[in-house]
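Worksheet: the structure to be examined is printed underneath.
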Amino acid sequence: MAVKRVGVLTSGGDASGMNAAVRAIVRTGLDRGLEVWGIYEGYRGLIEGGDRIRPLSWNSVGGIIHRGGTIIGSARSEPFRTMEGRLKAARNLVAAGIDSLIVIGGDGSLTGAEVFRREWPEHLAALSREHPVAADAAPPGSPLTVVGLVGSIDNDFIGTDMTIGADTALHRITEAIDAICSTASSHRRTFIVEVMGRHCGYLALMAAIATGGDAVLIPECPPTSDDWSQQLVADIKAGREAGRRDAVVVLAEGATDHHGETITSARLLSLLEKGLGEAVRVTVLGHVQRGGSPSAFDRNLGTRMGQAAIDTLLGGHADNESQVVGIRIPLTECVAQTRDINQMLAARQFDRVLELRGRSFNDSVETLNTLLRALPHPVQEHQRRMRVGVMHAGAPAPGMNTAVRAAVRLTLDQGHRVFGIRRGFAGFATAEIREMNWMSVNGWAGMGGAELGTSRDVPAGSDLYAIARAIETHGLEALLVVGGWEAYESVNRLFDERRNFPAFTIPIVCLPATIDNNVPGTELSIGADTALNSIVCAVDKIKQSAVAERRCFVVEVMGKRCGYLALMGGLATGAERVYLHEEGVTLQTLETDLRMLVNGFKQGKRLGLMIRNEDANTIYDTTFMCKLFEEEGGHLFDVRPSILGHLQQGGDPSPFDRIQATRLARLSVEFLIDEVGRSGHAAAFIGSIEGKVEFHSFEDYTRMIDAPNRRPKNQWWLELRSVNDALAQPAPRGVA
Ligand code: ATP
């Protein structure tokens, strides 16, 4: 069917990132020759009709990408659950000439959309009986095309890895718990923090991992016995004795005990106060979790999904069945499975619930159960105790401490010994090595920087000999290197030198941690998400600073010769132009961009935003670009550079970086222990590709990198360049 007029609505609870999706839908739709109409206030607006359904223009979705909530409003509508209500909705859609619908919402909203699509022929038949003449607009038999986007903070939709809004909610929760931890620690207090998520424990579980929480209660894993609260009290006391100053129990709003009775924060409070014999504090985070500016991830997820929604509509995939962007199985199946979970929870079939939640959820439960222990499991008698070295290399990246904390505790918990190597390979050569224990990494989960220290040295010459000696002296049997480009180069050097230095023939894993996101074998490295959020936050402020003037900013971001931060930063902030080393900068492109700026400012535009990678072009650098634009822009606008610098490398890691660092550290440790156990000596780098964790051998390293440019040959994110180009320009000619 040829789609002409698309209606877009947001429904159910609002979620940050919905605006990015609406913006992408409107602009991509207009760019492809469609009309896009906003249906304000969700299904309620669809039933009310009138001016609740009206066209959206290119400029009407300008300046909204950084705003939380949804500019077209959201609502829950009881009448839409009835046939009568949906008939009214159909009448309004036909009257507005809308032939396809994009719905952004949770499982309820998408179920409603599917019900509506299936009934559509009945509604048309009823309408044609009402008004035979008016039925010409949509004769019986014309289909309604429906595409859905999952927007919900709960991340409870089976079939998707992430729903729009869940990452931002995790940001809010993590910020709050970090703040609570500092006060809890000052007063040696116990806190209960209740988080949202309805029947899904995702937010609580991930928040506990990200913040180093001491306990978590989620619907999927209720306590298994009646004395659970005594056990919890005992764990908190044991943590205190081991030296922890604070205790934070993360409680999911849907958590129950093993009889199915809800564990409310009030109930937990009274149990803990009685058990601990002291005052306990409760913080119910509530709607704070829904609000605020969307994270970089949610902006980009919303944008990509919005564009994909239009592609799905135009590709004809949604003609016979509602399609949901970004899920792997049909909508009806996803909704059915999502609903099944709630019934299984009620029937207390927790094993089946966990199976449906998926691998990474289960892994996280298991990892957390180890990390939150007061002390490791005791060492088994006669067990072989391996000696594992842990270190950083390359520039510091937020999340390095999180990775080391997880690696240290998960290794110790299996009875092995861990040795921290300080100051990267420089410190390795001078044997700055110290044994670590459970409490050496206390409080590191959310700490920025790199407590072990790091350096950019890539060992050569006599350092190689010194490192080999240090390995032998300390009897290191395996090595985990958490770092960026120099970490990979260094391990590759050790790998190459194994013939000359047999000490290097031990299992080694490189865990990607660099804000530049320029190492092979992974889509994302630890630290890149934090840096991206710092960029987005800074650029939002820069944009606001310019509202009173007519000004163009040239913002320079890090990344060396890898344009990841520039492109993704541009996508998340709506920058008009992004300059990457991968594409180079020519005088011709600068001229074209200058013309675009001049035309834009002539037509009343007030702000220009260009983002460039620091090494995009060494001759046409930031200063040159600013001078060129300033001179040629004349009195129309002025130009300011903004070099973001080291703020991008600092800060506490984002929730995603903490969760990913923990996950990769766990799998790296398992890999190393397994290798030592079977006398292997693989040298590998770990990474995550399309949601799956993979190891690559260092034998493939050279083949996978573009060495002169210090980046991987395959950079998946470059394909998003066209998304940025399509959305951030002024309206194309002829488009309102
Ligand atoms: P959230 O995850 O934020 O709660 P949601 O989309 O699941 O979002 P719901 O309240 O379940 O939120 O649904 C939103 C609206 O979708 C409802 O108010 C109703 O109008 C419509 N809806 C939900 N389920 C159905 C259904 N089975 N049939 C028709 N409409 C429905």
Side-chain angles (χ1 to χ4, degrees), residues 7-19 21 39-49 52 68-70 72-90 92-93 101-120 122-123 144 146-160 162-170 172 195-203 219 252-254 286-291 294 298 302 305 322 324-327 331-343 345:
V8 55
L9 64 86
T10 46
S11 167
D14 65 321
S16 274
M18 282 180 164
N19 281 333
I39 298 163
Y40 289 73
E41 317 303 336
Y43 291 129
R44 190 195 295 163
L46 191 56
I47 291 175
E48 286 171 8
R52 294 270 191 236
T70 156
I72 55 174
S74 185
R76 299 190 203 266
S77 161
E78 279 312 306
F80 195 74
R81 292 180 186 271
T82 65
M83 186 75 175
E84 200 191 345
R86 293 193 292 272
L87 177 62
K88 279 189 191 159
N92 288 329
L93 273 191
L101 205 54
I102 299 180
V103 176
I104 310 171
D107 63 330
S109 306
L110 300 184
T111 308
E114 173 58 11
V115 169
F116 192 45
R117 189 199 67 82
R118 261 197 257 136
E119 283 172 1
W120 187 247
E122 285 173 60
H123 293 314
L144 175 72
V146 173
V147 173
L149 303 190
V150 196
S152 166
I153 66 162
D154 303 333
N155 205 26
D156 57 350
F157 202 77
I158 298 295
T160 53
M162 281 300 268
T163 55
I164 299 171
D167 185 63
T168 306
L170 258 184
R172 294 297 96 82
V195 305
M196 284 182 166
R198 294 202 296 185
H199 300 293
C200 181
Y202 175 86
L203 290 176
E253 64 180 349
H287 282 79
V288 163
Q289 297 161 87
R290 281 201 183 282
D298 276 329
M305 284 196 167
S322 300
V324 179
V325 175
I327 64 168
L331 169 65
T332 34
E333 222 172 290
C334 295
V335 168
Q337 288 190 13
T338 306
R339 292 275 147 96
D340 283 352
I341 284 208
N342 299 345
Q343 282 160 15
L345 282 170

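In each ligand, atom 1 is the first atom listed, and ligand 1 is the first ligand listed. Keep in mind that this is a model prediction, so the values were computed, not measured.
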Query raised in the report: When you look for protein heavy atoms under 4.0 Å from ligand 1, which residues do they belong to?
Result: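 Residues within 4.0 Å of ligand 1: S11, G12, G13, Y43, R76, S77, F80, R81, R86, G106, D107, G108, S109, T111, G112, S152, R198.
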**Report entry** Pairing residues for N19 by the side chain to side chain donor-acceptor pair (under 3.5 Å) criterion, not counting sequence neighbours
**Finding:**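 Here no residue qualifies.
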**Report entry** side chain to side chain donor-acceptor pair (under 3.5 Å) partners for T70, two or more places apart
**Finding:**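 Side chain to side chain donor-acceptor pair (under 3.5 Å) check on T70 returns T10.
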Query raised in the report: Any idea how H123 and F116 line up, ring-wise: parallel (<30°), tilted (30 to 60°), or perpendicular (>60°)?
Result: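 Ring orientation, 0 to 90° scale: tilted.
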Query raised in the report: Any salt bridge (charged side-chain N to carboxylate O under 4.0 Å, His left out) pairs touching residues 7-19, not counting sequence neighbours?
Result: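 Of all non-adjacent pairs touching residues 7-19, none passes salt bridge (charged side-chain N to carboxylate O under 4.0 Å, His left out).
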Query raised in the report: Can you check whether I164's main-chain N or O pairs, donor with acceptor, with D298's side chain at less than 3.5 Å?
Result: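 No, because the side chain of D298 does not come within donor-acceptor range (under 3.5 Å) of the backbone of I164.
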Report task. Please determine if E41 and R44 form a salt bridge, counting it only when a charged side-chain N lies under 4.0 Å from a carboxylate O. Result ->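 No salt bridge links E41 with R44.
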